[in-house]
2 protein chains.
Amino acid sequence: MKYSLRQLEIFLAIARQQNISRAAETLHMSQSAASAALQNLEQSYNISLFNRVGKKLELNEVGKTLRSKAELLVSHAQEFDQALQGHNDIGHLTVGASFTIGNHLAVTHLAGYLADHPEAQVDINVANSSDVVGQVLNFEVDIGMIEGEIKHRELELIPWREDSLVVFCSPEHPLAKKQSLTDKDIKQARWILREPESGARQTFNNALAGLMPDLDVYLEFKHNEAIKKAVEAGLGIGCLSEIVLQNNFKTGELVPLKLPKRDMKRTFYFALPKKRHKTAAIDWWVEECNRGG
Amino acid sequence: MKYSLRQLEIFLAIARQQNISRAAETLHMSQSAASAALQNLEQSYNISLFNRVGKKLELNEVGKTLRSKAELLVSHAQEFDQALQGHNDIGHLTVGASFTIGNHLAVTHLAGYLADHPEAQVDINVANSSDVVGQVLNFEVDIGMIEGEIKHRELELIPWREDSLVVFCSPEHPLAKKQSLTDKDIKQARWILREPESGARQTFNNALAGLMPDLDVYLEFKHNEAIKKAVEAGLGIGCLSEIVLQNNFKTGELVPLKLPKRDMKRTFYFALPKKRHKTAAIDWWVEECNRGG
DNA sequence: TTTAGATTATCGGTTTTATCGATAACGAAC
DNA sequence: GTTCGTTATCGATAAAACCGATAATCTAAA
């Protein structure tokens with residue numbers, strides 16, 4: 001065995017950052033040491049892991065293959081470290097979640113999770129769905145929670161729960177009195193929506209596929225709160241997950257609108273790297289999220 | 001991560017040998033270094049792995065738990081080492097096999113295995129079934145091939161193939177002319193058998209359960225060949241697996257005897273440590289052995 | 001009880017390895 | 001060409017792994 005776990009950690013950090021200097025920072029070591037460690041690993045086995053194309057460090061084919069194996073091994077090694085430390089598994093976890101899920105669902109489940117594993121340290125990293133997938137594939141988070149169905153060779157999607165988008169407006173809005181919206185209403189309304197990359201917007205686009213070209217998309221925001229505020233101010237009508245709207249409907253600040261025959265259902269997924277080692281913590285998290293709540 | 005793979009290797013060697021000095025030998029290092037490494041590991045995590053009862057080093061409860069995890073981890077690490085070396089898996093393997101299986105079946109399968117994996121280095125370690133189980137549980141062999149059904153909490157048995165024991169004598173023996181043996185014949189005969197610990201003998205005992213007290217067990221040997229020679233010389237009649245006798249029946253040196261209503265069937269098993277990491281090599285071996293042959 | 005044999009722990013010293021800071025080399029962008 | 005950001009290299013230092021010798025400890029036989 002001509003390598004050390006330390007070398008693998010360094011290799012993986014470099015693979016993640018695609019940059020030796022920054023990798024060294026995350027490991028709290030000097031750049032020269034990181035560089036030397038990587039060279040050492042490569043020389044011991046007479047292989048090269050990266051394409052040094054000028055500035056950029058990119059994993060080559062060999063590197064890609066070895067990286068996922070190394071990630072697996074280091075993950076095992078860390079689990080063993082925990083076993084050595086007595087606590088069989090404390091439950092440390094890093095979750096990547098899309099905006100909607102992260103801010104509304106993940107936080108409530110976090111409470112339940114921490115109740116079961118008081119020692120655990122959980123990071124919830126909120127970003128849009130496609131960034132979350134990136135983090136998952138780059139091993140920056142242990143598990144992702146996303147909205148869209150994103151296909152990727154290295155990604156495993158586990159269906160979690162159903163969700164529905166709801167169209168809504170302020171109580172003062174002219175449409176607020178209507179039982180349900182006609183296609184004409186839809187075309188005439190001013191829409192305030194999430195950005196096109198978001199999961200919610202993609203579901204919206206699919207549901208209104210035929211009408212899309214005629215829609216008046218008045219404003220686009222990256223955050224649900226901004227959309228709610230804008231709609232509340234009467235700037236237009238919005239469409240968001242029922243999850244983020246429930247409270248506002250209850251208090252009457254906002255009112256739901258019905259769109260007959262438009263299916264706005266979608267599925268939330270867990271996203272894991274294929275053949276990732278499943279930590280106990282990961283299992284616990286999935287279990288917690290599947291608990292009625 | 002306050003441990004190194006090297007420390008784990010040393011820990012595992014010591015666990016296997018129950019003796020630091022001998023463990024150091026197998027690792028080609030000094031006794032003092034091995035001792036220091038173990039102490040280091042224990043001190044870094046403030047745990048003790050062994051009961052130092054005078055001379056004997058015995059794994060304590062913590063040690064036992066950690067050992068199997070460490071064995072798993074090191075096994076992974078070695079696989080990764082192979083991946084680094086380019087050959088995704090050469091197929092190195094250490095097989096523990098009982099006498100009968102090892103000398104007759106394993107060697108023929110070895111040929112097939114090596115044909116598929118020319119780079120592989122395979123050790124076949126022949127011992128009696130219970131010793132093989134010990135080796136498996138002690139991680140001294142990657143996979144065991146045994147005859148008896150041995151139960152153990154940490155052992156996984158995978159049925160492999162059926163086998164039958166056959167009673168036989170020399171062509172000159174008085175019984176050679178009989179179509180089949182009566183209970184009287186069985187009691188009057190001089191038996192030449194394997195030792196009581198052997199798988200063959202245990203099957204024999206079971207089959208003749210009622211008659212055992214009345215049997216005349218004239219000679220016991222640990223090796224099939226010795227029994228065949230003795231029977232050939234007319235010293236008595238024997239009972240061995242059909243596998244080791246086929247050739248002798250063909251040439252007429254020995255002749256089979258029929259025992260009506262006595263079931264001498266048994267099953268051969270693969271034996272693995274439960275939750276052992278299944279190397280590609282292990283899978284290949286099992287596959288090879290299941291091939292028609 | 002003493003003693004011989006075997007085993008483990010400890011000590012000082014040597015070699016190897018990891019890491020650092022400084023600096024050189026390199027490529028990209030202006 | 002100059003500058004900026006990045007990686008490789010160099011000499012030096014601190015940490016560690018390891019060795020041989022020796023002391024301490026235990027077992028079992030005399």
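Residue numbers begin at 1 in each chain, while the letters A, B, ... track the order of the sequences. These numbers come from the heavy atoms of this one structure, side chains and all, not from hydrogens, waters or symmetry mates. What you see is a predicted model, and the numbers here were worked out from it, not measured in a lab.
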| said: Is the ring pair A:Y3/A:Y45 parallel, tilted or perpendicular, if the boundaries are 30 and 60 degrees? | reply: tilted
| request: Drop me the distance from B:W285's CH2 to B:D116's CG, to the nearest 0.5 angstrom. | output: 11.5 Å
| message | Distance check needed: D:dA17 P versus B:E9 CD, whole Å only. | response | 13 Å
| query | Could you give the CD1-to-P distance, from A:I14 to D:dT6, as a whole number of Å? | reply | 14 Å
| request: Hey, could you give me the CD/CG distance between B:Q135 and B:N125, rounded to the nearest 0.5 Å? | output: 4.5 Å
| CD1 of B:I20 versus C1' of D:dC19: gap in Å, rounded? | 16 Å
| task | On the 0 to 90° scale, with breaks at 30° and 60°, tag the B:F11-B:F50 ring pair as parallel, tilted or perpendicular. | result | perpendicular
| task | Measure the distance from CD on B:Q17 to P on C:dT8 and round it to the nearest whole Å. | result | 11 Å
| message | Taking the minimum atom-to-atom distance to the side chain of B:M29, which one of D:dT6, D:dC19, C:dA18 wins? | response | D:dC19
| request: Write down the distance between CD (B:Q7) and P (D:dC18), rounded to a whole number of angstrom. | output: 9 Å
| query | Within less than 4.0 Å of OP1 or OP2 of D:dC18, is there a side-chain N or O belonging to B:R6? | reply | yes
| Rounded to the Å, how far apart are B:N19 CG and C:dA9 C1'? | 14 Å
| query | Whole Å only: how far is the NE2 atom of A:H28 from the C1' atom of C:dC20? | reply | 16 Å
| remark: Residues passing the side chain to side chain contact (heavy atoms under 4.5 Å, CB included) test with A:S130, sequence neighbours excluded, are A:N128
| query | Taking CZ from B:F50 and P from C:dT8, how many angstroms apart are they, rounded to a whole number? | reply | 10 Å
| message | Can you tell me which nucleotide in C:dT7, D:dT7, C:dA9 comes closest to the side chain of A:L57? | response | D:dT7
| remark: Result for salt bridge (Lys or Arg N to Asp or Glu O under 4.0 Å) between B:R16 and one of B:E140, B:E25, B:E71 points to B:E71
| query | Applying side chain to side chain donor-acceptor pair (under 3.5 Å), which residue pairs with at least one partner in residues 35-44 of chain B are found, sequence neighbours left out? | reply | B:E42-B:R52
| query | Looking at DNA chain D, which of residues 30-45 of chain B put a heavy atom within less than 4.0 Å of it? | reply | B:S30, B:S32, B:A33
| Proximal nucleotide (of C:dT19, D:dT6, C:dT8) relative to the A:R22 side chain | D:dT6
